[in-house]
Amino acid sequence: MAATEIDLSQLPPGPTGPSALIAARFLLRGSRFLEDSCKRYGPVFSVRLNTGRTVVIAGDPAIAKEVFQGGGDDLHAGAGNVILKPILGARSVLLLDGPEHLRQRRLLLPPFHGERMRAYAETMREVAERHISQWPVGRPFSVHPTMQDVTLEIILRTVFGVDEPARIKRLAEPMKRLLNSTDQPLRLLLLQLTRSAGAKPRSPWGRVFALMAPVDALIHEQIAERRAADGQDPDRDDILSLQLAARDEDGNGLTDAELRDELMTLLLAGHETTATALAWTVERLVRTPRVLGRLLDEVESGESTDYLDATIKEALRLRPVVPGVIRQLQRPLTIGGMELPKGVNVAPSIYLIHRRPDVYPEPHAFRPERFLGEDTPSTYEWLPFGGGIRRCLGASFALYEMRIVLETVLRRATLETTDAPSEPVKRRFVTFTPRDGGRVRVTQLAPAQAPTRAVTA
Ligand code: HEM
């Protein structure tokens with residue numbers, strides 16, 4: 001059955017009106033749309049978008065659990081991520097489903113295990129130190145672009161194994177332009193509504209392709225060079241080298257075309273999300289002097305990172321970068337007691353689950369203590385990285401990187417606290433970002449390694 005034929009009266013009620021208007025509100029006012037709909041219809045509601053898709057949005061941990069435990073053949077993610085296809089390519093792990101997805105995932109997983117992260121710690125710290133030491137002192141600026149520079153360089157060095165500054169610049173510049181081109185919600189809406197196939201040069205997709213061309217060329221260059229140097233440097237520990245050596249159970253490795261799509265996926269999924277999470281954490285910290293003070297005490301003592309890790313978790317709870325995930329039913333299924341037809345999409349809403357007052361008392365308060373001690377939220381109540389067979393491959397990498405970058409920020413920069421209103425949530429591609437990029441004022445930059453204190457505005 002086509003998605004357009006789905007009978008809405010069989011589904012939980014949700015916002016009514018022209019589907020184009022609903023889609024526009026969903027895209028342009030994402031967080032407000034979710035909160036308003038939840039208030040009016042409860043945590044589980046349906047929306048029909050003008051793309052012909054019907055989506056049951058579920059701010060319910062029990063439904064998230066059912067979806068994440070569901071079989072990869074019954075619940076497809078590729079259809080939900082289709083907007084990313086022209087950029088990531090059809091062989092990206094984010095777009096594959098069923099056995100193909102599992103094969104690709106198994107090939108990609110080994111370099112992302114927690115233990116391996118230690119190998120990347122030095123690079124992460126060095127990159128963070130260098131970028132933070134260039135922060136302006138005494139005048140407000142947005143941290144998001146600088147965090148993008150940090151996370152992009154980290155991904156280029158650890159995943160691609162690119163070390164030469166000139167080549168990093170050659171890759172970073174077009175990549176940033178590509179991402180910034182999706183910054184305008186209206187442009188994003190146009191991309192959603194127009195076809196990428198056969199796009200004319202001046203069309204929305206044509207412009208994206210023009211920006212992608214140099215990134216693509218450099219990725220292919222990198223793959224070719226590394227293949228040519230096969231085995232000559234056994235000490236290489238970057239992820240591309242490990243991917244080149246990876247074999248599935250039949251002894252087959254990744255083809256160049258697969259590698260291109262996976263590298264593009266890791267490049268995109270791996271840096272923009274982490275940069276945004278870092279910007280949100282700083283945005284929250286400068287508005288919560290109590291938490292900033294306690295963090296500085298912890299960093300100064302150097303005894304543990306428990307409170308820092310809890311702060312990162314709390315930032316990812318209150319400001320999840322990816323607001324939800326989406327799965328399309330390949331056959332009729334009963335989920336959360338609802339009998340759902342084939343073709344309908346179910347979207348566990350990370351954003352709404354993280355704001356449930358029954359799980360998180362005073363959900364709008366920024367309180368890392370929620371993640372200390374015994375009684376911490378369960379797997380399906382805290383899910384910034386999704387769950388099940390598609391849980392974020394880079395979750396350990398991202399958490400480790402966030403810890404190192406934030407620790408460096410806290411050691412080097414004296415952040416001025418503020419009572420300015422919270423920055424509103426703005427959609428940027430598939431993420432929720434701080435509208436002003438996390439504005440901060442640094443009053444002092446300490447030399448490397450010396451801990452500093454916060455000052456109150
Ligand atoms: C704070 C940072 C990050 C957040 C919030 C985040 C969030 C997510 C979420 C929610 C998903 C699940 C999508 C779905 O179920 O449809 C996902 C998948 C994925 N993420 Fe991340 N991510 C982050 C960082 C990273 C990093 C650093 C990398 C790689 C270096 C990465 C690579 C991936 C990949 C490859 C997938 C697809 C997994 C699959 O389909 O099997 N992510 N991410």
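Residue numbers count from 1 along this sequence. We count ligands from 1, going down the list as the structure has it; atoms in each ligand are counted the same way. Atoms considered below: every heavy atom in the structure, side chains included; atoms not considered: hydrogens, waters and symmetry mates.
- Geometrically, ligand 1 and T265 share no nitrogen or oxygen pair separated by less than 3.5 Å.
- Regarding atom 5 (C) of ligand 1, its nearest protein heavy-atom neighbour is P384 O, 3.6 Å.
- Distance alone, capped at 3.5 Å, is enough to place a donor-acceptor pair between the R287 side chain and the E283 backbone.
- Counting the atoms of ligand 1 from 1 in the order shown, those under 4.0 Å from a heavy atom of L94 are 37 (C).
- If you check which protein heavy atom lies closest to atom 12 (C) of ligand 1, you get R390 O, 3.6 Å.
- The number of heavy atoms from other shown groups lying within 6.0 Å of CD (Q134) is above 12.
- Checked by atom type, the side-chain pair R367/T288 shows no donor-acceptor distance below 3.5 Å.
- Take Y360 and apply the side chain to side chain donor-acceptor pair (under 3.5 Å) test, not counting sequence neighbours, and it matches no residue.
- Remark: the Q328 side chain and the R53 side chain contain no N/O donor-acceptor pair separated by less than 3.5 Å.
- Contact annotation: for T274 versus ligand 1, heavy atoms closer than 4.0 Å belong to both the backbone and the side chain.
- Within the sub-2.8 Å shell of atom 21 (Fe) of ligand 1, the protein contributes these N/O/S atoms: C392 SG.
- Ligand 1 has I155 within reach: a non-hydrogen atom of the residue lies less than 4.0 Å from it.
- Listed by atom number, the atoms of ligand 1 under 4.0 Å from F397 heavy atoms are 27 (C).
- Backbone and side-chain nitrogen or oxygen atoms of R105 are examined, and one is located within less than 3.5 angstrom of a nitrogen or oxygen of ligand 1.
- Looking at atom 13 (C) of ligand 1, its nearest protein heavy atom turns out to be V325 CG1, 3.8 Å.
- Salt bridge absent: R331 and D73 never bring a charged side-chain N and a carboxylate O closer than 4.0 Å.
- Neither the backbone nor the side chain of L108 comes within contact range of ligand 1; no heavy atom lies under 4.0 Å.
- By the criterion of a heavy-atom distance under 4.0 Å, the side chain of H101, and not its backbone, is placed next to ligand 1.
- The aromatic rings of F385 and W382 sit perpendicular, their planes meeting at an angle over 60°, well past the 30° parallel limit.
- In this view, R157 and E126, E153, D163 satisfy the salt bridge (charged side-chain N to carboxylate O under 4.0 Å, His left out) rule, not counting sequence neighbours.
- In this structure, atom 30 (C) of ligand 1 lies nearest to the protein heavy atom F112 CE2, 3.5 Å.
- T276 and H144 are linked by a side-chain donor-acceptor pair at a separation below 3.5 angstrom, with hydrogens and angles left out of the test.
- With a 4.0 Å cut-off on non-hydrogen atoms, R327 touches ligand 1 through its side chain and not its backbone.
- The environment of E164 atom CD is dense: over 12 non-hydrogen atoms of other residues, nucleotides or ligands sit within 6.0 angstrom.
- Electrostatic pairing of R91 and E262 does not count as a salt bridge here, judged by no charged N lying under 4.0 Å from a carboxylate O.
- Looking at R391 next to ligand 1, no N or O pair under 3.5 Å apart turns up.
- Considering only residues two or more places apart in sequence or on other chains, F33 meets the ring-ring contact (aromatic ring centres under 6.0 Å, His included) condition with F26.
- Q222 places a side-chain N or O within donor-acceptor distance of the main-chain N or O of F160, the cut-off being under 3.5 Å.
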